[in-house]
**Student:** 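Input: one structure, supplied below.
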Amino acid sequence: MLGVLVLLFPASALSKEKPVILALGDSLTAGFGVKEEESYPSRLQLKVASAGFPHKVINAGVSGDTTAGGVRRIRWLMRHEPEIVILALGANDGLRGFSIAEIRRNLELMIGVCRKHDARILLAGMKALPNYGEDYMQEFESVFSELAEKHKLDFLPFLLEGVAGERKHTQPDGLHPVASGYSIVTDLVWERLQPMLTK
């Protein structure tokens, strides 16, 4: 009898995965310093489900990761066949003063891989600290908006808008969110993501 069931319902039909939203990022995505359920991908999953969408949010955040690290990981992560990729990398590049040209090149490589796999992209912008001067700050920030415009990407100008530098919403470093900060980040992401899900 079991054999008959297998013939009627192939394994592919029985184990069909939900559509995937891949949250690709660094410690800001991984949820450094907070419980797993307090990270923005976990909170985003609740919003997605509450809104009636079937998607599964996968947290592909790795603490300390850079855009170069994202390039090394992106092809392997495509095994999840994501429908949407939330690309939130670059913060650590800015902290370390990496070349603007290198950051742009790495982001474009990841955008290209996502496009090749028919994944739509929500690009999250980042900001640099003033350590490397005003010119570097402006050039760094403009990379994200320029790429969003060039590739016609859905765009969140700053992942930590209303969170970075706010003592009540961040850990002692002033950058990594606490639970209340991640609640704000989740709302920011959801505001851009929801229209993508309804298209």
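Count residues from 1 along the sequence.
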**Student:** Determine, for D187 against R43, whether the closest basic-nitrogen to carboxylate-oxygen distance falls under 4.0 angstrom.
**Tutor:** no

**Student:** Are any non-hydrogen side-chain atoms of V62 and D26 less than 4.5 angstrom apart?
**Tutor:**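 Counting from C-beta outward, V62 and D26 never come under 4.5 Å.
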
**Student:** Hey, is the main chain of D93 close enough, under 3.5 Å, to the side chain of T66 for a donor-acceptor pair?
**Tutor:** no

**Student:** Are E108 and K150 close enough for a salt bridge, meaning some N to O gap below 4.0 Å?
**Tutor:** yes

**Student:** If Ile, Leu, Val, Met, Phe, Trp and Tyr residues are connected whenever their side-chain heavy atoms lie under 4.5 Å apart, and connections chain through other members, are F98 and L95 in the same group?
**Tutor:**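 Hydrophobic grouping puts F98 apart from L95.
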
**Student:** Do E81 and H117 pass the side chain to side chain contact (heavy atoms under 4.5 Å, CB included) test, and can you show the C-alpha distance, the side-chain angles, and the key distance before you say yes or no?
**Tutor:** CA-CA 7 Å; E81 299 181 355; H117 288 81; over 6 Å; no

**Student:** Drop me the distance from R105's CZ to M110's CE, to the nearest 0.5 angstrom.
**Tutor:** 11.5 Å

**Student:** To the nearest 0.5 Å, what is the distance between OG on S27 and CG on D173?
**Tutor:** 8.5 Å

**Student:** Can you confirm whether R115 is buried at CZ, in the sense that more than 12 heavy atoms of other residues, nucleotides or ligands lie under 6.0 Å from that atom?
**Tutor:**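 Count over threshold, so yes.
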
**Student:** Is it true that a side-chain atom of E38 and a backbone atom of K35 form a donor plus acceptor pair closer than 3.5 Å?
**Tutor:** yes

**Student:** Got a second to check how far N131's CG is from R96's CZ, nearest 0.5 Å?
**Tutor:**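 Output value for this atom pair is 13.5 Å.
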
**Student:** Considering non-hydrogen atoms only, spot the tightest contact between L89 and L107 and give its length.
**Tutor:** O-CD2, 4.0 Å

**Student:** Should I86 and L109 be regarded as members of a common hydrophobic cluster, given that ILVMFWY residues are connected when their side-chain heavy atoms come within less than 4.5 Å of each other, either directly or indirectly?
**Tutor:** yes

**Student:** Work out which heavy atom in I84 is nearest to a heavy atom in M196; give both atom names and the distance.
**Tutor:** CG2-CE, 3.8 Å

**Student:** Between V178 and Y182, is there a shared hydrophobic cluster once you connect ILVMFWY residues whose side-chain heavy atoms come closer than 4.5 Å?
**Tutor:**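 Per the 4.5 Å side-chain linkage, V178 and Y182 are not co-clustered.
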
**Student:** Should M78 and C114 count as side-chain neighbours, where that means a heavy-atom distance under 4.5 Å?
**Tutor:** yes

**Student:** If I take atom CD from residue E146 and atom CD from residue E141, how far apart are they, to the nearest 0.5 angstrom?
**Tutor:** 10.5 Å

**Student:** As a test of understanding, state which of L159, L160, T186 forms a side chain to side chain contact (heavy atoms under 4.5 Å, CB included) with P177.
**Tutor:**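 Looking at L159, L160, T186, the match for P177 under the side chain to side chain contact (heavy atoms under 4.5 Å, CB included) is L160.
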
**Student:** Take atom CD in E102; do more than 12 heavy atoms of anything else shown fall under 6.0 Å from it?
**Tutor:** yes

**Student:** Would you indicate whether the side-chain heavy atoms of V48 and I21 approach each other to under 4.5 Å?
**Tutor:** yes

**Student:** Under the side chain to side chain contact (heavy atoms under 4.5 Å, CB included) criterion, do V189 and L122 qualify, and how do the steps go?
**Tutor:** CA-CA 9 Å; V189 174; L122 172 56; 4.1 Å; yes

**Student:** Is any side-chain heavy atom of R192 closer than 4.5 Å to a side-chain heavy atom of D154?
**Tutor:** no

**Student:** To the closest 0.5 Å, what do you measure between OH (Y40) and CG (N59)?
**Tutor:**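 Y40 atom OH to N59 atom CG measures 7.5 Å (nearest 0.5 Å).
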
**Student:** So H55 and V20, do their side chains get closer than 4.5 Å, heavy atoms only?
**Tutor:** no

**Student:** Any idea which heavy atoms bring A23 and T29 closest together, and the distance?
**Tutor:** O-CG2, 3.5 Å

**Student:** Kindly work out whether a path of hydrophobic side-chain contacts (I/L/V/M/F/W/Y, heavy atoms less than 4.5 Å apart) joins V85 to F155.
**Tutor:** yes

**Student:** Do side-chain atoms of S42 reach the backbone of S39 as a donor and acceptor pair under 3.5 angstrom?
**Tutor:**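 No, because the side chain of S42 does not come within donor-acceptor range (under 3.5 Å) of the backbone of S39.
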
**Student:** Please tabulate, one pair per line, all N/O donor-acceptor pairs under 3.5 Å involving side-chain atoms of residues 163-170, not counting sequence neighbours.
**Tutor:**
from: H169; atom 1: ND1; to: S180; atom 2: OG; distance (Å): 2.9
from: T170; atom 1: OG1; to: E166; atom 2: O; distance (Å): 3.0

**Student:** Are any non-hydrogen side-chain atoms of K127 and M137 less than 4.5 angstrom apart?
**Tutor:** no

**Student:** What is the distance from atom CD1 of I74 to atom NZ of K116, rounded to the nearest 0.5 Å?
**Tutor:**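 If we round to the nearest 0.5 Å, I74:CD1 and K116:NZ are 12.5 Å apart.
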
**Student:** Heavy-atom distance under 4.5 Å between the side chains of P54 and P19, does that happen here?
**Tutor:** yes

**Student:** Would a single hydrophobic cluster contain both L22 and W190, if residues Ile, Leu, Val, Met, Phe, Trp and Tyr are joined by side-chain heavy-atom contacts under 4.5 Å?
**Tutor:** yes

**Student:** Measuring only between side-chain heavy atoms, which start at C-beta, is Q45 closer than 4.5 Å to K56?
**Tutor:**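 Yes. Closest side-chain heavy atoms under 4.5 Å.
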
**Student:** Got a donor-acceptor contact below 3.5 angstrom from the R73 side chain to the A68 backbone?
**Tutor:**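 Side chain of R73 to backbone of A68: no pair is present.
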
**Student:** Give the ring-plane orientation class for F32 versus H176, where under 30° counts as parallel, over 60° as perpendicular and anything between as tilted.
**Tutor:** tilted

**Student:** Does R79 count as lying over the ring of W76, i.e. NZ or CZ under 6.0 Å from the six-ring centre, within 45 degrees of the axis?
**Tutor:** yes

**Student:** I need the minimum non-hydrogen distance between I100 and Y136, along with the two atoms involved.
**Tutor:**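 Smallest interatomic distance, heavy atoms only, reads CD1-CE1, 3.6 Å.
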
